[in-house]
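First the structure, in the form of structure tokens, and then the observations on it.
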Amino acid sequence: MNIYLDNAATTYPKPETVINSMCNYMSNLGASPGRGSYFSALESSRLVYECRESLCDIFNFNKAENVIFTSNVTNALNILLKGFIKPGYHVITTSMEHNSVLRPLFDLKDSLNLDLDIIQCDSNGLLDIEKFKNTIKDNTKLVVMTHSSNIIGTVEPLEEVGAICKRLGIDFIVDCAQTAGITNVDFNRLNCSALAFTGHKGLLGPQGIGGFLLTDEFNKKCNSLILGGTGSLSSEPTQPDFLPDKFESGTLNTPGIVGLNAGLKFIKEVGLSSIEEKEQYLTHILLSGLLNMDKVKVYGLSNSKDRTSAISVNFTNMDSSEVSFMLDSTYGIMTRTGLHCAPLAHKTIGTYPIGTLRFSVGYFNDEKDIYYTLDSLNKIIK
């Protein structure tokens, strides 16, 4: 028996339509979009545009040309942060961020003397809005935040943050790696300037595809990080300034885009609310079972609402890495241990430097998986 509970890292399995669409593209088309006027190249371009429209649909966004493809959300965040931030800017983020946000910011702090504030969240990983308001300065130009913790699943009050940013004219970047395809992520309701996503988690696509959506206003303030061939204005020595070409140099990962589009279609067919409801139900069963185990310490919110399925634990009588190894080797249950690329978040919840064992439920799990996991864990830590 094999049970996959590492969906916060990448969702597995993928819908059959994702696999089939990618195989069909590589078997029957194969051409690069925007690099030819023959049928298969034009069809590839159509499929890429269709995916841009699908992303607009799921994020309630209205400009397909403002949907930019990258290799992953880390790449997207680097482009946005390094393309926007200039010397003298004050930037606000939180202690719950992934290294995909923290490392570019620390690099810019050194190279541009960036004025950076990292707001300490509470032990449940939740941002205090009053603390956020008090951190804003006259020269605050940007707020960048994760929508949900990849360690303990806490969903942040981004609509409140976005409303404040909009009122004060501060740009706002959202990292929705942990929430896209799992819960409603509405670009307009969040009042963000840009939203970075990845395809291989809740959007059910393959690894190696991600991107961002950005407003026209933010685009004007953001420079290209990578320059090169775009298939457009090839006679010019300078990068095109129109979207999406401005940010899409080089050959796109068209098989990944096709697979992502199939994942988006699957989500639309099943219904985002149905996916959220199922994952929340399974998370409730798992969380309740873990909270009832004497030798298990559960971090974060103790209910399945206002959180994703990422649940982090440690044990009073065993090392979490040992438990994870036994879950896998003896019972076929796959989890993840360590610091999960978010060291400040572990400091926030009190688990640094040992980290935690993380369970993360996905849409393709079922009740049997969860009860079997709880039973297996009980046998290991008894």
Side-chain angles (χ1 to χ4, degrees), residues 68 70 72-122 125-150 154 156-179 187 190-198 210-226 247 341-348:
I68 312 300
T70 65
N72 48 55
V73 71
T74 299
N75 187 269
L77 287 164
N78 270 266
I79 291 171
L80 292 168
L81 294 172
K82 294 188 174 184
F84 172 78
I85 295 171
K86 296 176 176 59
Y89 280 13
H90 175 237
V91 176
I92 297 173
T93 191
T94 80
S95 65
M96 295 306 292
E97 305 306 312
H98 191 276
N99 277 338
S100 55
V101 167
L102 293 176
R103 286 180 174 174
L105 289 179
F106 274 96
D107 179 65
L108 290 167
K109 185 178 180 182
D110 291 338
S111 62
L112 297 182
N113 197 28
L114 171 68
D115 183 7
L116 177 64
D117 266 314
I118 301 174
I119 302 176
Q120 185 67 38
C121 294
D122 67 20
L126 195 63
L127 174 71
D128 184 316
I129 289 294
E130 290 305 313
K131 192 181 287 188
F132 168 67
K133 290 178 182 177
N134 293 333
T135 307
I136 296 171
K137 302 178 182 180
D138 290 339
N139 66 328
T140 302
K141 299 294 184 181
L142 178 69
V143 175
V144 53
M145 283 184 64
T146 184
H147 196 183
S148 172
S149 166
N150 70 311
T154 304
E156 301 294 348
L158 293 197
E159 286 189 29
E160 293 179 70
V161 171
I164 294 167
C165 288
K166 183 179 181 181
R167 188 173 70 249
L168 298 177
I170 299 168
D171 283 300
F172 182 33
I173 296 174
V174 171
D175 170 9
C176 71
Q178 292 295 320
T179 52
F187 191 99
L190 291 173
N191 284 305
C192 53
S193 307
L195 185 148
F197 67 90
T198 196
F212 58 91
L213 295 68
L214 77 170
T215 64
D216 287 332
E217 293 74 20
F218 193 71
N219 171 49
K220 292 174 185 176
K221 304 173 189 176
C222 193
N223 297 319
S224 304
L225 189 61
I226 299 170
F247 295 106
C341 301
L344 295 190
H346 277 283
K347 289 181 179 180
T348 299

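Nothing fancy with the numbering, it's 1 onward along the sequence.
- Evaluation of the salt bridge (Lys or Arg N to Asp or Glu O under 4.0 Å) rule for Asp122 yields no partner, not counting sequence neighbours.
- For the pair Leu190 and Leu158, the tightest heavy-atom approach, listed with the atom from each and the gap, is CD2-CB, 3.6 Å.
- Residue Lys347 holds its NZ atom at 15.0 Å from SG of Cys121, rounded to the nearest 0.5 Å.
- If you take CE on Met96 and OG1 on Thr348, they are separated by 6.0 Å, rounding to the nearest 0.5 Å.
- Taking each heavy atom of Cys192 and Thr215 in turn, the nearest pair found is O-CG2, 3.9 Å.
- With sequence neighbours left out, the ring-ring contact (aromatic ring centres under 6.0 Å, His included) criterion links Phe212 to Phe247.
- Every residue was checked against the salt bridge (Lys or Arg N to Asp or Glu O under 4.0 Å) condition with Asp110, not counting sequence neighbours, and none meets it.
- The backbone N or O of Gly88 lies less than 3.5 Å from a partner atom in the side chain of Asn139, making a donor-acceptor pair.
- When atom types are taken as modelled, the side chain of Ser224 and the backbone of Ile226 share no donor-acceptor pair closer than 3.5 angstrom.
- In terms of the side chain to side chain donor-acceptor pair (under 3.5 Å) criterion, residue partners of Asp171 (sequence neighbours excluded) are, by chain and number, Ser193, Lys221.
- For the salt bridge (Lys or Arg N to Asp or Glu O under 4.0 Å) test, residues two or more places apart in sequence or in another chain that qualify with Asp115 are Lys137.
- Applying the salt bridge (Lys or Arg N to Asp or Glu O under 4.0 Å) criterion to Glu217, with sequence neighbours excluded, gives no partner residue.
- The minimum heavy-atom distance between Val161 and Phe132, with the atom names listed, is CG1-CZ, 3.8 Å.
- With rounding to the nearest 0.5 angstrom, the CG atom of Leu127 is 11.0 Å from the CD atom of Gln120.
- Nearest heavy-atom pair across Thr70 and Asn72 is OG1-O, 2.8 Å.
- Residue pairs meeting the salt bridge (charged side-chain N to carboxylate O under 4.0 Å, His left out) criterion with at least one member in residues 84-106, sequence neighbours excluded, do not occur.
- Side-chain atoms of Pro104 and Thr74, non-hydrogen and from C-beta on, never get closer than 4.5 Å to each other.
- In terms of heavy-atom proximity, Leu80 sits nearest to Ile173 at CB-CD1, 3.9 Å.
- Remark: Asn113 engages no residue in a side-chain contact (heavy atoms from CB on, under 4.5 Å) (not counting sequence neighbours).
- With sequence neighbours excluded, no residue forms a side chain to side chain donor-acceptor pair (under 3.5 Å) with Glu160.
- A 4.5 Å side-chain heavy-atom check between Val91 and Leu108 finds every atom pair outside the cut-off.
- In terms of the side-chain contact (heavy atoms from CB on, under 4.5 Å) criterion, residue partners of Lys141 (sequence neighbours excluded) are, by chain and number, Phe84, Tyr89.
- Taking all atoms of both residues into account, the shortest heavy-atom contact from Val143 to Met145 is CG1-CG, 4.1 Å.
- Applying the side chain to side chain donor-acceptor pair (under 3.5 Å) criterion to Thr179, with sequence neighbours excluded, gives His147.
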Next on the checklist: Please determine whether side chain to side chain contact (heavy atoms under 4.5 Å, CB included) holds for the pair Ile79 and Ile68, giving the CA-CA distance in whole Å, both sets of side-chain angles, and the decisive distance to 0.1 Å.
Outcome noted: CA-CA 11 Å; Ile79 291 171; Ile68 312 300; 5.9 Å; no

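- In this structure, NZ in Lys133 is found 9.5 Å from CG in Asp128, a value given to the nearest 0.5 Å.
- Screening Leu225, Leu105, Thr93, Asp107 for a side-chain contact (heavy atoms from CB on, under 4.5 Å) involving Leu81 leaves a single residue, Leu105.
- Annotation: the span from Ile85 atom CD1 to Ser111 atom OG amounts to 9.0 Å, rounded to 0.5 Å.
- Every side chain to side chain donor-acceptor pair (under 3.5 Å) that Thr140 has, sequence neighbours left out, goes to His90.
- Contact annotation: the side chain of Asn99 approaches that of Pro343 to within less than 4.5 Å [non-hydrogen atoms, C-beta and beyond].
- To the nearest 0.5 angstrom, Ile118 atom CD1 is 8.5 Å from Ser95 atom OG.
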